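Computed from a prediction, not measured in an experiment: that's the story for all the values here. Index from 1, following the sequence.
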Amino acid sequence: MRSLVILVLLALAACNTPTPEFYGVAPVDVTVDGSAYKIFFRGDRAQAIRTNPELRPNLNAEAKITQAIEIVSGCRVVGALRGDVALANARVDCGAGARPWPVEVELRIVCDGDGHRVERVYCATY
């Protein structure tokens, strides 16, 4: 029973994990017409993973996924999407004016202890 619970938890944890081709790529979260996606982008390929439940996800799914990938990558999706409404792969054409990837973001983390005997550290990002 215990191993079954662990197996189910591992399966659920992998629900919004990219395929091995995109391991190490930081995702960008984007929402298009109420559908939330994590977009992974590397070279001339992109992957979209829908992260919210939807009652009827097939309705305009291809158009939403295409728009999400184009927003994040700054590139044009070429050809057909491969996959389904939850995880789709695409080829992109970035041309000469494409944004560089990954988008570099400066992140500042400030941490402070609470001053008690059992030290707890609280951090905030800016």
Side-chain angles (χ1 to χ4, degrees):
M1 179 65 178
R2 183 176 177 172
S3 60
L4 177 63
V5 171
I6 292 172
L7 183 62
V8 169
L9 290 176
L10 287 174
L12 289 174
C15 286
N16 64 1
T17 303
T19 57
E21 178 181 3
F22 295 96
Y23 284 174
V25 175
V28 176
D29 295 325
V30 65
T31 301
V32 175
D33 291 334
S35 296
Y37 300 96
K38 284 192 180 296
I39 305 295
F40 299 86
F41 177 71
R42 175 178 278 162
D44 65 344
R45 296 172 189 250
Q47 186 170 87
I49 300 174
R50 195 182 78 241
T51 58
N52 66 318
E54 291 187 7
L55 185 59
R56 298 187 63 184
N58 290 331
L59 189 63
N60 301 323
E62 185 173 354
K64 289 186 205 181
I65 294 168
T66 299
Q67 186 178 0
I69 290 171
E70 289 177 346
I71 288 169
V72 170
S73 68
C75 304
R76 185 176 60 86
V77 172
V78 293
L81 296 175
R82 290 178 305 187
D84 57 32
V85 296
L87 187 151
N89 293 294
R91 288 257 204 199
V92 292
D93 178 12
C94 294
R99 294 183 343 184
W101 190 264
V103 176
E104 294 184 22
V105 176
E106 184 176 329
L107 180 66
R108 196 174 111 200
I109 301 173
V110 177
C111 299
D112 191 16
D114 67 359
H116 296 302
R117 283 183 29 188
V118 178
E119 190 69 29
R120 293 184 184 152
V121 177
Y122 299 95
C123 297
T125 58
Y126 300 95

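V85 is not connected to F40 by any chain of hydrophobic side-chain contacts under 4.5 Å among Ile, Leu, Val, Met, Phe, Trp and Tyr, and they are in different clusters.
From E21, atom CD reaches atom CG of N89 across 7.0 Å, with rounding to the nearest 0.5 Å. Atom CZ of F22 sits about 9.0 Å away from atom CD1 of I49, to the nearest 0.5 Å. Rounded to the nearest 0.5 angstrom, R50 CZ and T31 OG1 are separated by 12.5 Å. Interatomic distance, CD1 of I39 versus OG of S73, reported as 8.5 Å (0.5 Å rounding).
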Would Q47 and L87 count as a side-chain contact (heavy atoms from CB on, under 4.5 Å) here? Give the steps. CA-CA 7 Å; Q47 186 170 87; L87 187 151; 3.8 Å; yes

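Remark: the backbone N or O of A36 is paired with a side-chain donor or acceptor of N52 at under 3.5 angstrom.
Residues Y23 and P18 approach most closely at CE2-O, 3.1 Å, considering heavy atoms. G43 and V92 make their closest contact through O-CG2, 4.2 Å (heavy atoms, listed as atom of the first residue, atom of the second, distance).
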Which atom pairs, donor and acceptor, lie under 3.5 Å between side-chain atoms of residues 61-72 and protein residues at least two apart or in another chain?
| residue | atom | partner | partner atom | Å |
| --- | --- | --- | --- | --- |
| K64 | NZ | S35 | OG | 3.1 |
| T66 | OG1 | E62 | O | 2.8 |
| E70 | OE2 | V77 | N | 3.0 |

